[in-house]
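Working notes, structure below.
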Protein chains: 2
Amino acid sequence: MPTSTVENYLKAILVHSSDKDAVVATGTLAEALGVTPGTITTMVKSMAARGLLEHQPREGVRLTAEGRAVALAVVRKHRLIETFLVQVLKMDWKEVHEEAEALEHALSDRVLLRIDAILGHPTSDPHGDPIPSPKAPALDRGKGATLATCEVQRPLRVERILDQSPPFLEFIQRTGLKPGARVRVRERDHTSGIVRCELKEGEATLGLPEAAKIDVRPL
Amino acid sequence: MPTSTVENYLKAILVHSSDKDAVVATGTLAEALGVTPGTITTMVKSMAARGLLEHQPREGVRLTAEGRAVALAVVRKHRLIETFLVQVLKMDWKEVHEEAEALEHALSDRVLLRIDAILGHPTSDPHGDPIPSPKAPALDRGKGATLATCEVQRPLRVERILDQSPPFLEFIQRTGLKPGARVRVRERDHTSGIVRCELKEGEATLGLPEAAKIDVRPL
DNA sequence: ATTTTGTCTTTGATTAATCAAATACTCGTT
DNA sequence: AACGAGTATTTGATTAATCAAAGACAAAAT
Ligand SMILES: [Mn+2]
Ligand SMILES: [Mn+2]
Ligand SMILES: [Mn+2]
Ligand SMILES: [Mn+2]
């Protein structure tokens, strides 16, 4: 069985491979995992030997089918845990990511089945991130619109929050721009870099880079 | 922060120190933790250096106040988790020990607080083991009667199951001798080594060593 | 007072994960 | 073609946890 370190490495590779079989640079992983580049090279070589990924020296890494399956299972566990912590234990959505980061390596599949059933087999977590199914279909990396790119004046629904740092989530909560909320972009000004939105609760104004962190869907 | 290995060592020492400041032999720990004696000696020396316990070479170990506090916190976490898994997630009490063994090292105090609140601050776990309070008072190691020592014919209540191996728990469940159940010893025969009990569900017969694994209280 | 036995401790290795610092590539620029 | 900048890999250590096998000790048996 993979150690929790290996599980974290696999997850990081998965979420950093934008598309199908894009290679991820070892430097990207060093950054994402907070370790030195040399550590990544060493770990990656041993994971390649175990068949979890392929390593093109000086190029990057790509998950094998087995590595991807493990990574998807970990992501699924992580997101179901987050959902459970928020919906059942009534925890703050700003703190659940950290908790899930540890619990995803300790929770058995048996417990996960119970949690999934109690939650009614949810398909997205509190941040709007999709929960991969147990049969492990692809992880759809937001190919839709964001508040920075969507049509102005069109009625929309917030789909997903891409930046999950506590301060950003705090802002989202304050303005009401949470997943599921109805919203309409009133004005987008590329000169001032400002996006003004209208929600049921009132108005929210944010910068373009921030608006790009909020996935939306027309309707 | 202690690693999960250190937490497991501390817990093992705690549950094996029958009384206050009894020393625990390193061999006992090797047996309990499933590692070689040499490993225990090495670990114990490093834990002593960290102030978690005292080591009398060739004698045994004794927890310091700090070591005991950590151990009690881990035991509390373990038992609250077991209770939660049974009561909220509706899991089988035969499998929760194993789950808790891993989760006790990953669950934060924040989550534990929520679990404790949702359960209504329980004082014993599904096996009848007491849940140490957060202020960490002593862990009362069953000083009461068992089905092997109690008065015959007296109405009793099952308090606690001391053997938590799945097969024994399976037997307990089948006979209905679970914590909380009312029971009365009909006959105890030291020649045949048999104890016959009467419960609401009918009768249960078990051997003396097995009867000694079931704590009871008059009433 | 020896010897034996059973328990502990030491010693020397191993595996996983990590770092710092030295070294080696690869590209894009002179 | 040579150089320099930016990455990536190697190398040599370190820490935690573990084992096997050798050695030390203390209590019990002779
Ligand atoms: Mn993690
Ligand atoms: Mn999430
Ligand atoms: Mn444990
Ligand atoms: Mn228990």
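Everything numeric in this text was worked out from a predicted model, so none of it was measured. Quick note on labels: first sequence line is chain A, next is B, and so on, each numbered from 1.
Note on A:D189 versus A:R196: no salt bridge recorded, every NZ/NE/NH1/NH2 to OD/OE distance being 4.0 Å or above.
A distance of 11.0 Å separates CD1 in B:I161 from NZ in B:K213, rounded to the nearest 0.5 Å.
Residues A:L206 and A:I214 have side chains in contact (heavy-atom distance under 4.5 Å, counting atoms from C-beta outward).
In terms of the side chain to side chain donor-acceptor pair (under 3.5 Å) criterion, residue partners of A:E99 (sequence neighbours excluded) are, by chain and number, B:S108, B:R110.
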Scoring nucleotides 3-19 of chain C by protein non-hydrogen atoms under 4.0 Å (B base, S sugar-phosphate only, - none) yields -----BBB------SBB
Would you mind writing out the side-chain donor-acceptor pairs for residues 80-89 of chain A within the sub-3.5 Å range, not counting sequence neighbours?
{"unit_1": "A:E82", "atom_1": "OE1", "unit_2": "A:H127", "atom_2": "ND1", "d": "3.1"}
{"unit_1": "A:E82", "atom_1": "OE2", "unit_2": "A:H78", "atom_2": "NE2", "d": "2.9"}
{"unit_1": "A:E82", "atom_1": "OE2", "unit_2": "A:H97", "atom_2": "ND1", "d": "3.3"}
{"unit_1": "A:T83", "atom_1": "OG1", "unit_2": "A:R79", "atom_2": "O", "d": "2.7"}

